[in-house]
Structures are given as structure tokens and as C-alpha cells.
Amino acid sequence: MEYNFKKVEKKWQDIWEESGVFHAKLDKSKEKFYCLVEFPYPSGQGLHVGHPRSYTALDIIARKKRLQGYNVLYPMGWDAFGLPTENYAIKNKIHPEIVTRDNIAKFKSQLKALGFSFDWSREINTTDPKYYKWTQWIFLKLFEKGLAYKKEMAVNWCTSCKCVLANEEVVNGVCERCGNEVVRKVKKQWMLKITEYADRLIDDLDELDYIERVKLQQINWIGRSHGAQVDFTTTEGDTITVYTTRPDTLFGATYMVLSPEHPLIDKWADKLQNIDEINAYRDMAAHKSDFERTEINKEKTGVELKGVRAINPVNSKEIPIFISDYVLISYGTGAIMAVPGHDTRDWEFAKKFGLPIIEVVSGGDVEKEAYTDIENGIMVNSGFLNGLSVEEAKEKIIEWLIKEGKGERKTNYKLRDWVFSRQRYWGEPIPIVECPKCGYVPLPESELPLELPKVESYEPTDTGESPLAKLTDWVNTTCPKCGGAAKRETDTMPQWAGSSWYFLRYCDPHNDECLASKEALDYWTPVDWYNGGMEHTTLHLLYSRFWHKFLYDIGVVPTKEPYKKRTSHGMILGENGEKMSKSRGNVVNPDEIVNTYGADTMRLYEMFIGDFEKAAPWSSTSIKGCKRFVDRYWSFRDILIPDKKIRDELLSSFHKTIKKVTHDIDNLKMNTAIAALMSLMNEISETGKITREELRIFTILLNPFAPHVTEEVWELEGFGGRVTDAKWPEYSEELCEEKKVEIAVQINGKVRSRIVIDADATQEQAIADAKADARIREELSGKTVLKEIYVKGKLVNIVAK
RNA sequence: GCCGAUGUGGCGGAAUAGGCAGACGCAAGGGACUUAAAAUCCCUCGAUGGCAACAUCGUAUCGGUUCAAGUCCGAUCAUCGGCACCA
């Protein structure tokens with residue numbers, strides 16, 4: 001009888017929903033396993049075939065862990081604040097709340113049709129006031145501890161979204177989301193002091209089971225470097241402080257460079273002979289966007305500050321000072337000592353401006369290029385540092401600087417504080433009031449949630465203010481502290497706010513007293529396994545680690561880190577090997593696939609498509625192989641015999657398969673796990689029959705991958721209860737071994753014959769058997785055997801001449 | 001430029017810890033069943049030579065270590081991802 005996947009899949013999805021089998025209950029007698037996938041942004045396009053790759057993989061892990069007796073939490077929710085919804089709402093004149101509700105409904109039905117074992121009783125939505133009450137609460141705590149502050153600063157302004165972006169959201173000078181130009185704009189912004197956690201965000205990675213490239217990317221993004229701060233004096237008596245990772249090269253500093261925005265320039269205005277030229281340069285630099293400034297990578301530009309000179313603290317030599325836009329105001333001190341002999345950028349600048357280049361580390365030719373090797377060089381022309389290695393010289397000069405009061409040891413980071421303000425409507429309101437007398441005053445906790453006011457128009461304004469600013473009734477309020485007239489903050493939080501702690505809410509999603517009860521957090525956290533996209537490594541993943549560490553510091557959560565293990569899936573590409581997109585016309589619609597082949601086939605195919613971590617192109621023909629696999633499994637019932645045991649000739653195959661599937665799932669090698677099941681199926685099919693026990697075991701092994709068809713077979717064959725109540729099969733190492741093995745016999749490394757021997761044969765026996773083989777005897781005649789090698793269960797190699 | 005990853009049949013991809021390269025699947029070709037098609041089942045399927053048993057070559061390129069290299073070492077090329085004047 002043909003398998004009717006449409007009927008069967010719907011039937012079991014309904015049963016799972018009604019029975020609540022996947023609802024996780026806090027049960028301290030059982031070992032917990034918290035399995036997490038990144039909750040989606042419910043966009044108008046609906047589910048992408050990329051989403052189920054991650055969801056299916058962790059669904060398989062969740063289902064297998066349940067069968068292994070774990071108490072599994074596998075939740076799902078919606079990261080629903082954000083710009084696309086707001087833009088769609090503006091365009092179509094529908095309130096974002098309604099757009100969000102509709103999109104969620106669509107997403108949810110699509111996810112249900114794929115048979116994921118999510119605990120829907122814990123569904124959360126970041127736009128629900130009951131949820132964002134706690135997002136706001138965390139913000140108030142950050143504010144209370146001085147980690148949230150408002151600051152006037154140059155920010156990345158997207159000209160199309162009319163909104164501020166975090167540094168992480170600017171990609172190649174354009175807006176990550178809409179691809180439009182990003183310019184710098186000075187605005188007062190809420191900032192979060194993520195830099196305060198920079199060290200811990202790097203150091204604590206050591207204890208985590210994250211894939212290596214995620215760790216590396218985070219480390220590089222934070223960009224920690226060790227060096228020294230050095231004070232140079234000037235002929236005007238000022239101090240210019242620089243940061244350098246190469247204090248050892250101090251004797252080679254032949255000039256200094258200030259960033260065009262450096263405050264000392266204004267101070268010296270009267271003394272500078274070429275102030276017009278200087279101002280013109282500063283003007284030009286100010287009008288360039290960050291992108292332009294970094295793009296002009298080829299040629300160094302700059303202007304000398306004529307009238308002021310600096311004094312190198314180590315040898316009291318007078319050196320010129322320049323301004324140049326290759327020095328950034330936002331990093332270090334906004335000023336550098338230039339060592340053209342040993343820094344590529346300084347070298348280029350010195351060559352262009354004809355400045356002296358002094359070699360202070362030997363080993364290269366500083367007239368040809370900067371010598372930057374720090375491993376092999378020996379200090380020269382450096383007074384008391386001469387003869388030392390770079391490492392030794394660094395230590396010695398830092399000690400000297402400290403002793404002389406001319407500098408100190410210093411660690412710097414590329415990471416900047418997190419720009420937390422957005423001038424848009426569809427986000428969490430920031431629960432702060434600005435009072436002319438009291439300054440920034442937090443709302444009392446009792447007034448949370450501060451709900452987003454309902455408005456008619458949520459278009460962004462050209463003035464750069466949030467649409468909320470237009471709601472004077474809402475904006476004008478009283479100061480919670482002094483009771484005087486005050487104004488509400490009108491900026492909202494970025495999309496990353498709600499997702500920075502959502503995994504905690506799943507532990508106790510309906511709690512009105514706190515973000516989650518201590519009991520729930522103690523039991524469920526940390527997340528045991530978190531899978532998500534590489535694109536979130538320096539955004540969501542870093543932000544949420546930061547928030548979690550903060551919550552740990554204030555005693556809200558019991559662990560230092562939110563996620564024990566982090567893995568990442570590759571993208572599913574279009575059939576032509578390119579990224580799927582509407583404009584390329586290569587988008588595969590998951591609904592159509594489920595309709596044509598069924599959810600089980602879709603799940604199997606997405607897992608079978610290739611290495612989970614790598615990108616893989618979709619193939620509309622390959623998926624048929626997975627459909628055949630499901631159908632062939634179904635027709636096992638046609639060849640079923642009532643025997644209640646695994647046949648002897650298949651026993652070792654079964655144990656090997658159980659072993660392989662068990663381990664492959666744990667290692668996210670779903671493709672080879674499925675291949676192993678296919679191989680076992682081929683082996684069973686060759687015998688023309690299958691016993692009840694064989695079908696029962698096969699069904700359990702296949703269940704995490706293809707939950708619907710296996711439930712149906714289980715029920716039809718009356719194996720008792722549901723597969724979801726079954727026990728994951730154990731394997732015996734002993735039974736995995738075959739009694740007889742076929743091994744290769746090589747002569748000089750080339751296979752010349754094959755023989756079957758006892759698996760536990762000794763080296764002597766194996767070699768004797770090999771030599772007894774007719775073919776091998778013939779090959780060896782007239783030759784001298786030089787060496788004999790036996791690799792147990794694999795091969796014999798005879799070296800002969 | 002720096003950091004990281006990858007490179008295997010017509011295609012997607014396998015190959016513990018150096019041990020029979022190409023598992024599993026797709027596509028293709030041939031056959032069975034069928035009035036026919038679909039579905040299903042069976043056979044072939046890296047290249048070259050040979051009727052054949054078999055031989056030689058073959059995991060981006062070049063070289064090395066080893067009884068044995070897709071796997072280890074050195075150099076080169078290509079593709080992808082991240083960072084990018086961070087001193």
C-alpha cells in the first residue's frame with residue numbers, strides 16, 4: 001500500500017500538539033538537556049529553506065536525547081521587533097503589530113508542518129509587553145550600574161533607514177540591512193559599556209565548547225592588544241600621549257601623527273604657522289565618510305604642524321608633528337609615535353614626506369620596506385636596549401618608562417561600546433525620563449512595561465528623531481524623582497535587545513514576578529547546545545554573552561556563560577550554487593517541498609545534503625533519493641515476518657549502525673548517519689524480509705530524522721505506546737566486530753589480492769595466510785621479502801625485491 | 001595586506017588516529033514488468049589500454065617524509081568567509 005504522507009503527517013502533528021508530549025517539565029529527578037536554535041525574525045516572506053536546516057538538526061538531537069531519557073527543553077519564539085516589519089507597515093499602511101501577528105501565524109504553521117518537537121507552551125515574542133517588560137528591566141539594571149550612558153558622538157547613520165546603526169551593522173560602509181550609504185552624524189546616543197567586559201568575553205571562551213572559527217572571530221572582533229602608553233612632551237610644554245604595541249622601537253620614532261580631530265590642534269591654533277592649510281585638511285577629513293576614509297588606502301596624506309615640535313622622551317630629540325587621517329581618533333589616544341623603520345604605514349608616510357627612517361631592529365632593510373618581524377630581530381641604535389630581542393626590549397623599555405614617569409603598560413581593544421539607540425518606532429521604548437533638574441531618571445520598576453504608544457504614523461523623521469518624538473502627550477511627563485515636568489526618551493532599543501536574553505525567558509516564560517524564577521534558571525541553564533548562523537558571531541552571540549555576564553554579576557543568573565556549546569550551519573544555496581534571492585530567481589519554497597514530498601523527506605534531504613557546517617546547493621533531483629528512502633522504509637511492512645529477534649547474519653550490522661547513528665548525531669554528522677541507515681536498509685532488503693525486532697530498532701533509529709512515518713509504522717505494527725516513549729537502542733562493542741574480515745594483501749603497497757581471515761588473527765597467522773594465497777605466492781616467487789606489515793583487520797603489506 | 005577555511009567522479013558528498021580512494025545518494029546507460037508511461041526491481045557507472053583475468057594512471061599544482069599519503073611536512077595556485085590605516 002502506498003504511503004500517504006499528507007494524511008499521516010497531519011495526523012501526528014495534531015496528536016503531538018494535543019498530547020503535549022514535547023512540553024518540558026521542570027523535573028529535578030531527571031537530567032536536563034537544553035537545546036536551542038536561534039529564534040527567527042518573522043519576515044513577510046515566510047520560512048526560508050535555510051531555517052529548517054538548523055531546526056531539523058537540533059530537532060534530531062532533541063528527539064534522540066529524549067529517547068535516551070533526558071528531560072529536553074527545545075523551545076521556539078519570535079524575534080519580532082525590527083525594521084523590515086516597520087518598513088512594510090509604512091508602505092502598506094498596516095500597523096506593525098498586525099503585520100507581526102500575521103507573519104508569526106504564517107511562520108508557525110510552516111514550522112508545525114515540518115514536525116519539529118518544539119515546546120509550544122513556552123513560545124515567546126519579543127514584542128509582547130509581558131516579554132519586553134524584562135528587556136526594559138535589564139536596561140534599567142545596566143543604567144543603575146553605570147553600564148548604560150548617553151553620549152554625544154559620531155554615529156553611523158543610514159540615510160535610507162534614517163536610523164543609527166551599531167558598528168557591527170555597518171558592512172563595507174553600507175547598511176547591512178538595506179545596502180544604502182552610511183554617513184557619520186553627531187547625535188546623543190544611549191550606549192552600553194560592552195568594552196568593560198572585553199577581557200572576560202575573550203578569556204572565558206577557553207572553557208566553552210564553541211567551534212573554533214566562532215571563537216577566533218570573536219577574539220579578532222574584540223581585538224585585544226598589549227603595549228604601552230608613552231608621554232611625549234612638546235616645545236609648547238604640552239603632553240601628547242600615544243599608544244603603541246611596539247614600545248621597543250621608541251628610539252626609532254622620527255615624527256608623530258595626530259588624528260585630524262585631535263583636541264591639541266585647536267589649543268595650538270595661534271602658534272601654528274600654517275593653520276589655514278591645517279584647517280583645510282581637517283575639513284576635508286571631516287567630510288569623508290568612514291568608508292571613503294578607509295578606501296583611500298593607497299596614498300597617505302597629511303600636513304605638518306609648523307610651529308610645534310615634539311620631544312622623544314627616550315633621547316630628547318626634537319621631532320616634527322603631522323596630522324593625517326590614517327590615525328583614527330576613536331582608537332588608542334588618537335595620536336601615534338611614527339616608527340617608519342618598523343611599521344608599514346609609517347614607512348609609506350615617511351617616504352612620501354621625506355622623513356628620516358632609522359633602523360632600530362636589525363634583520364631587514366629599512367630603506368626598502370618596513371621590517372616588522374618581531375620574532376627574529378635584535379635591537380640596534382637604541383641605547384640601553386641594544387643587543388636585546390624585541391620581547392626583552394619591550395619589557396625593559398616599559399619598566400624604564402614607568403620608572404621615569406613617562407608612560408605605563410596598557411591594553412587596548414578594537415571593540416567599541418554598543419550604540420543602543422534607534423530612532424524608529426518598532427522597538428522597545430527606553431524607560432528613561434529626561435528631567436531638566438535631575439538629568440536622566442529611570443522609570444521605577446513598577447511602571448514597567450513602558451508600552452509602545454499606539455500611533456497613526458510611524459514614518460521616520462528627517463530630523464533624525466524617533467517617530468515617538470511627535471507624540472507630545474506621551475513625551476511630556478513628570479519626573480519620577482522630583483515630580484517636575486520632564487520628557488520621555490523617544491529613541492527605542494535595537495533589534496538585538498530582545499534576543500540578548502530570550503533563552504532565559506524560555507525557562508519560565510509566564511513569570512510576572514521576575515524574568516525567570518531562580519529555580520527554573522538553576523535547573524535549565526546554561527543552554528547545552530546552541531546552533532545558529534555565523535553572521536551572528538559578532539552581533540547577537542557577543543551581545544548576549546555580554547548581557548548574560550552582567551546578569552551573572554548582579555546575581556540574576558547562576559552561570560557565567562549562557563551557552564555551553566555553539567555550532568553553526570552552512571547556508572543552503574540556490575540550485576545554481578548562488579545565494580538564494582528573489583532577484584536571482586533561485587528561491588526554493590519550503591511549502592512546495594513539503595507539499596510534494598512531505599516533511600519527513602524534506603527533513604531527511606536537508607540533513608543529507610552535505611556537511612552541516614558547509615554551504616550546500618539545493619538539488620531538486622537529489623531530494624528524490626530521500627523520498628525513495630522513506631517509501632522503501634514504509635514497504636518494509638510488506639516483507640515483515642513475525643520473528644522477535646534480529647537475525648544472526650544482521651546482528652553485527654545492526655550494532656554497527658546503532659553505534660554510527662548514535663555518534664554521528666552527537667557530532668552533527670547527520671549526512672553519514674542517514675547514509676548508514678540507507679546501507680542497513682540495503683542489507684535488509686537483500687534478504688527479502690525483515691523481522692519485527694529489526695523493524696522496531698530501525699524505526700527508533702529513524703525516528704529523530706523522520707518522525708511522522710516512524711510513528712505511523714510503530715502504531716500500525718503495535719510495538720507498544722508511541723515511538724516517543726521508546727528507549728534509544730544500545731549497542732555492544734563486541735557485537736560490532738565481525739568474526740571474519742576480508743583484508744587486502746599488498747605487495748610493495750599495491751593491492752594484489754584479498755583474503756578472508758579471523759578478525760582476531762595474530763600477525764603471524766595473517767601473514768602466513770597472505771603468503772599462502774595463490775596470487776601472492778606467484779608474485780613473490782623469485783623475490784626476497786624485506787619487510788612484512790600487518791594492520792589488524794585492514795591489510796597485509798609485504799615489501800619484496 | 002592580515003586571520004581562518006576549503007579544493008576528491010558528470011553532480012551532492014564519504015573515507016577514526018597515515019592503512020583497500022570514491023561509502024551513501026543523484027544523474028546517466030542497459031535490462032525486467034507494462035498496450036504505454038509513471039512507479040518499482042535488477043545490472044553497469046573515475047580515466048586509459050585489453051575479449052578477458054588484469055595493468056597503468058588518478059584526491060588543485062610541484063616537491064618531500066613513509067613499507068604505505070586525500071590524510072603528515074615545505075612551497076605554489078584557486079575559491080570562499082571574516083577583519084581591514086586598530087599604531
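In what follows, chains are A, B, ... by sequence order, proteins preceding strands, each numbered from 1. In this text the structure is predicted, and so the values were computed from the model without any measurement.
- Every residue meeting the side chain to side chain contact (heavy atoms under 4.5 Å, CB included) condition with A/Lys614, not counting sequence neighbours, appears here in chain and number order: A/Asp611.
- Residue pairs meeting the salt bridge (charged side-chain N to carboxylate O under 4.0 Å, His left out) criterion with at least one member in residues 332-344 of chain A, sequence neighbours excluded: A/Asp343-A/Arg345.
- The strand RNA chain B forms stems, runs of 3 or more Watson-Crick or G-U wobble pairs with distances below 3.5 Å, at B:1-7 with B:77-83, B:10-12 with B:24-26, B:28-32 with B:40-44, B:46-49 with B:54-57, B:60-64 with B:72-76.
- Each of A/Lys794 and A/Ile336 was matched to the nucleotide of RNA chain B holding its nearest heavy atom; the match closer to the 5' end belongs to A/Lys794.
- Partners of A/Tyr413 by ring-ring contact (aromatic ring centres under 6.0 Å, His included), not counting sequence neighbours: none found.
- Residues passing the salt bridge (charged side-chain N to carboxylate O under 4.0 Å, His left out) test with A/Glu196, sequence neighbours excluded: none.
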Can you tabulate the close N/O pairs, meaning under 3.5 Å, that link protein atoms to atoms of nucleotides 26-31 of chain B?
from  : atom 1 : to       : atom 2 : distance (Å)
B/C26 : OP1    : A/Arg628 : NH1    : 2.4
B/C26 : O2'    : A/Thr621 : OG1    : 3.1

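- A/Glu686 meets the salt bridge (charged side-chain N to carboxylate O under 4.0 Å, His left out) test with no other residue; sequence neighbours excluded.
- A/Glu683 is linked by a side chain to side chain contact (heavy atoms under 4.5 Å, CB included) to A/Leu650, A/Ser653, counting only residues two or more places apart in sequence or in another chain.
- Nucleic acid contact class of A/Asp346 (heavy atoms, under 4.0 Å, all strands): none.
- Residues meeting the side chain to side chain contact (heavy atoms under 4.5 Å, CB included) test with A/Lys689, sequence neighbours left out: A/Ile641, A/Arg647, A/Thr687.
- Contacts with RNA chain B (heavy atom under 4.0 Å) in residues 567-579 of chain A: none are found.
- Contacts classified as salt bridge (charged side-chain N to carboxylate O under 4.0 Å, His left out) and involving residues 209-219 of chain A (residues at least two apart or in different chains) are given here: A/Asp209-A/Lys565, A/Arg213-A/Glu613.
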Set out, line by line, the N/O atom pairs under 3.5 Å between protein and nucleotides 64-71 of chain B.
from  : atom 1 : to       : atom 2 : distance (Å)
B/C67 : O2     : A/Asn797 : ND2    : 2.6

